[in-house]
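Small disclaimer: the values here were computed from a predicted structure and weren't measured. FYI, side chains are in, hydrogens and waters are out, and symmetry mates aren't considered; it's all heavy atoms of this structure.
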2 protein chains.
Amino acid sequence: MRSPTIRDVARVAGVSKSLVSLVFTGGGTVSEERRLRVLHAAEQLGYRPNLVAQSLSAGRRDIVAILVSNLHNPLFAEIVGAAKARLAAAGRRTVILSAQVDDGAGGAVLDRDNIDVLRDLRPSGLIAVGTIPEFAELSELTAAIPTVVASAIDATQDVVAAVRTDDAAGLDLVVAHLAAQGVERVAFVGGDGGTVAAARERAFVAAAERRGFGAHAWVERADFSEAGARSAVARLVAEDRLPQAVVAVNDVTAVGVITALEAEGVAVPSGCRVVGYDGTTLAAIPRISLTTVDPDNRRIGREAAEALLAAPGVAAPGSPGAGGAGADRASAFAGRAGAGAGADHADRSIGEVLIPPTLVVRASA
Amino acid sequence: MRSPTIRDVARVAGVSKSLVSLVFTGGGTVSEERRLRVLHAAEQLGYRPNLVAQSLSAGRRDIVAILVSNLHNPLFAEIVGAAKARLAAAGRRTVILSAQVDDGAGGAVLDRDNIDVLRDLRPSGLIAVGTIPEFAELSELTAAIPTVVASAIDATQDVVAAVRTDDAAGLDLVVAHLAAQGVERVAFVGGDGGTVAAARERAFVAAAERRGFGAHAWVERADFSEAGARSAVARLVAEDRLPQAVVAVNDVTAVGVITALEAEGVAVPSGCRVVGYDGTTLAAIPRISLTTVDPDNRRIGREAAEALLAAPGVAAPGSPGAGGAGADRASAFAGRAGAGAGADHADRSIGEVLIPPTLVVRASA
DNA sequence: ATGAAAGCGCTAACAT
DNA sequence: ATGTTAGCGCTTTCAT
């Protein structure tokens, strides 16, 4: 019924509670004989330390929490998976939670219950994946726990590092590609809807400037929604300002742009090229076939974990008896990853790790 | 720094720990005066009960866990959101966890860490959303906690209820629609890859039978992958058995089928119609424009919550002082929901709640 | 109606 | 090297 506790193990092994704890924590010095006895008893009983009790006890905390923006974007799954894998290799346990849920209607709200358990679990580190609108409200958390944000900016206050795609490099790839194709007039659709959007807008403007587009490159404001893309395109068409190419803030918006263009009777890519950002599976569907920037999400996840492991205060792992967790392989925190591509044109603050993206060319451009 | 504990509140309010607990638990009888004093002190201190401590204390457990199959399918977000909303209305707190993560490579594995915290949190109920491949391994959990599965079958052993789309009704809608369009030869692509796939296959066969398709309706085995859909279609074309319509096990597969058909030079819908299942946003993209069955995911989530609330052992809520959680609004567990559509042709076991779906007709069929 | 005390499962000084 | 003790923050008898 009730799962076995440390006490049960102690009784069966004929030792004290503390000794069992010591064995599982890996800390102290335990005689080989007793160690084996304890391990054996634990095995026999099917004992597994209670995480909740562990964390309440405020003791060793080899738990790292991964907070995912929401359940909607499959993009996050890759980042989370990669981060978890790296953390596991370093002997950390991870608990993955989502920051937002859908409310009854169409919107999303901060999931306070989830945030509460996260907080009460007292993880030794936190990785926030994706943009979390109310991130500022989590300052209580981020102040107390070493935090790194992945695939977002929100490098507000007490964030150890922000690991994300090098927007500047990515948009430079895009603009260069378009220029090489003879495109002379290009619009960026996006910019509203968070810091990432703003950063991409800035990166676009800089890239277009550098490539000599001058006034022939401009920004058409839109948020991430389908409707936003639609009305931006409608404006372009109505005011007869249709460019030869649209660079969208991300893939979802790009699809919205394609939809809107075609609804306005503009063919893609012949009438107007479209490029996205994120390298989602959506872009790969032949019917969509969207040229996009692949941010290398796996790597983003991995580096985020790396950055966290390198942070001070993220305690060392334990449970040597447990499995083959293995020692922390000397976290080789690269510091600056994006050194290869477009290293010159990024406004990086301390702790910003930029991952160089690649361009995936498909039919849409 | 350290967040205030029950002790701090007690001290400030000038009462004992127990009294504070009583106030927050809502149980006992506390004098109005002290109640206010406690509430005020708590407010002033910013006190919030520690969930972890609460659950360790094995006491009241108004926490319900929602276990999401994985982070990939945006479909789940709707179900989870709806379930959470209903649970919140009944005064339960929810913690949402994912069951699987991506491993380093392309696969997905059971996230044992997450399962562990779930277990140690000792929720009073569990809602499993989506098909969890290793669900059987969770029997330890499901045996101890009232569980309902949503949008999956896995009604293995000790599951209180399984709330899902009425596949029979859904596929009947599809087959009827195709028949009305004059389709005479139709293939189902799918069937491999879990109980849901198998159930839909059976439902298809039954519906085709009922509509008199006889030998002109058959099943082309495929799993959920793009590659599976591709090879199934390749087989159809190679053996010159191309039907006038393909019914896919879900939207993702349907998109794979469209891709494969077009790669083989078959136009959709003129050369072959295609229908999906799930009502995802993918299907709504004009470039895809997939006719699909909308399972009403919101309702699935809501009913799952309802079923859980109706289950014995799912304790009543508490925290009367906290906010406006409100009393449990007499959970009106409908028992059988799918009574309206295709109620005759479903093999329903005890506790199965079938939600009637609707057909969304688009360009693909 | 209120407080004292025991205990949830665990860790961490502190003693031996 | 091992056991004893005192918590972590909370709920819950059991007295009063």
Side-chain angles (χ1 to χ4, degrees), chain A residues 1-11 13-38 42 45-63 93 116-117 119-122 124 315-316 318-319 322, chain B residues 1-11 13-38 42 45-63 93 116-117 119-122 124 315-316 318-319 322:
Chain A
M1 342 287 77
R2 195 181 114 274
S3 34
T5 80
I6 199 174
R7 242 196 279 290
D8 299 320
V9 176
R11 188 163 18 74
V15 299
S16 75
K17 263 177 31 176
S18 346
L19 204 61
V20 176
S21 176
L22 272 188
V23 168
F24 275 87
T25 320
T29 39
V30 182
S31 72
E32 195 56 14
E33 186 217 330
R34 305 252 188 173
R35 216 181 82 83
L36 260 34
R37 275 231 307 271
V38 167
L45 259 43
Y47 168 78
R48 201 187 45 71
N50 183 315
L51 271 170
V52 165
Q54 278 188 158
S55 83
L56 181 59
S57 170
R60 60 187 264 274
R61 304 158 309 175
D62 59 355
I63 293 186
R93 320 193 64 173
D116 282 354
V117 308
R119 174 185 134 157
D120 293 343
L121 239 21
R122 302 189 216 179
S124 65
S319 32
Chain B
M1 325 294 83
R2 196 180 114 273
S3 36
T5 80
I6 198 174
R7 242 194 282 287
D8 300 322
V9 176
R11 189 162 16 77
V15 300
S16 73
K17 262 177 32 174
S18 343
L19 203 62
V20 176
S21 176
L22 274 188
V23 168
F24 275 87
T25 320
T29 39
V30 183
S31 72
E32 195 55 15
E33 185 218 333
R34 305 252 186 172
R35 219 182 79 83
L36 259 34
R37 276 234 303 274
V38 166
L45 259 42
Y47 169 77
R48 199 189 44 73
N50 183 315
L51 269 172
V52 165
Q54 276 189 159
S55 83
L56 182 59
S57 171
R60 62 187 262 272
R61 304 159 309 174
D62 60 353
I63 293 186
R93 321 192 61 171
D116 282 353
V117 308
R119 174 186 133 156
D120 294 343
L121 239 21
R122 302 189 217 179
S124 65
S319 27

| message | Please determine whether a side-chain nitrogen or oxygen atom of A:S16 lies at a distance below 4.0 Å from atom OP1 or OP2 of D:dG3. | response | yes

| said: Within the structure provided, determine whether B:R35 and B:L19 are in side-chain contact (heavy-atom separation under 4.5 Å). | reply: no

| task | Round to the nearest Å and state the distance from B:I63 atom CD1 to D:dC10 atom P. | result | 13 Å

| said: Starting the side chain at C-beta, find the nucleotide from C:dT2, C:dC10, C:dC8 nearest to B:L22. | reply: C:dT2

| request: Taking the side chain as every heavy atom from C-beta outward, state whether B:N50 and B:T5 have any atom pair closer than 4.5 Å. | output: no

| query | What would the secondary structure line of DNA chain C be in dot-bracket form, counting Watson-Crick and G-U wobble pairs under 3.5 Å, with [ ] for pairs that cross earlier ones and | for pairs with another strand? | reply | ||||||||||||||||

| query | If you check every side-chain atom of B:L56, which of C:dA1, D:dC10, C:dG9 has the closest atom? | reply | C:dG9

| query | Are B:L22 and B:R34 close enough that some pair of their side-chain heavy atoms sits under 4.5 Å apart? | reply | no

| Rounded distance in Å - CD1 (B:I6) to C1' (D:dT12) | 11 Å

| task | Measure the shortest side-chain to side-chain distance between B:S21 and B:I6 over non-hydrogen atoms and say whether it is less than 4.5 angstrom. | result | yes

| request: Measure from CZ on A:R119 to P on D:dC8 and round the result to the nearest Å. | output: 16 Å

| task | Look at the side-chain N and O atoms of B:T29 and state whether any lies under 4.0 Å from the OP1 or OP2 oxygen of C:dA1. | result | yes

| request: Using a cut-off of strictly less than 4.0 Å, decide whether A:S21 has a side-chain nitrogen or oxygen near OP1 or OP2 of C:dT11. | output: yes

| To the nearest angstrom, how far is B:D120 atom CG from D:dC8 atom P? | 21 Å

| request: Applying side chain to side chain contact (heavy atoms under 4.5 Å, CB included) between A:V20 and each of A:V30, A:T25, A:V9, report the one that passes. | output: A:V9

| Taking the side chain of B:K17 as heavy atoms from C-beta outward, which of D:dG9, C:dA6, C:dG9 is closest to it? | C:dA6

| request: Mind calculating the distance between CZ (A:R35) and P (D:dA1) to the nearest angstrom? | output: 13 Å

| task | Output the single nucleotide from C:dA4, D:dG9, C:dC10 whose closest atom is nearest the side chain of B:S18. | result | C:dA4

| said: Measuring from the side chain of A:Q54 (C-beta onward, heavy atoms only), which nucleotide among C:dT11, D:dG9, C:dT2 has the closest atom? | reply: C:dT11

| task | Report the distance from atom CZ of B:F24 to atom C1' of D:dT12, rounded to the nearest whole Å. | result | 17 Å

| task | Kindly point out which of C:dG3, D:dT2, C:dC10 is positioned nearest to the side chain of A:L19? | result | D:dT2

| Ion pair A:R11/A:D8, N-O distance below 4.0 Å | yes

| said: Using a 4.0 Å heavy-atom cut-off, does A:V20 contact any base of the nucleic acid, only the sugar-phosphate backbone, or nothing at all? | reply: nothing

| request: Specify the closest pair of heavy atoms between A:R37 and A:A13, including all atoms of both residues, with the distance to one decimal. | output: NE-O, 2.9 Å

| request: Would you tell me if any nitrogen or oxygen in the side chain of A:S55 comes within less than 4.0 Å of OP1 or OP2 on C:dC10? | output: no

| task | Round to the nearest Å and state the distance from B:L121 atom CG to D:dC10 atom C1'. | result | 14 Å

| Given atom CZ of A:R48 and atom P of C:dG9, what is their separation to the nearest angstrom? | 12 Å

| said: Looking at C:dG9, I'd like to know if its phosphate oxygens (OP1 or OP2) sit under 4.0 Å from a side-chain N or O belonging to A:R7. | reply: no

| task | Could you work out which one of C:dT11, C:dC10, D:dT12 sits closest to the side chain of B:T25? | result | D:dT12

| Any side-chain heavy atom of B:V38 sitting closer than 4.5 Å to one from B:F24? | yes

| 5' priority, DNA chain D, between A:E33 and B:L51 [closest heavy atom] | A:E33

| message | Between A:R34 and D:dG3, is there a contact of a side-chain N or O with OP1 or OP2 at under 4.0 Å? | response | yes

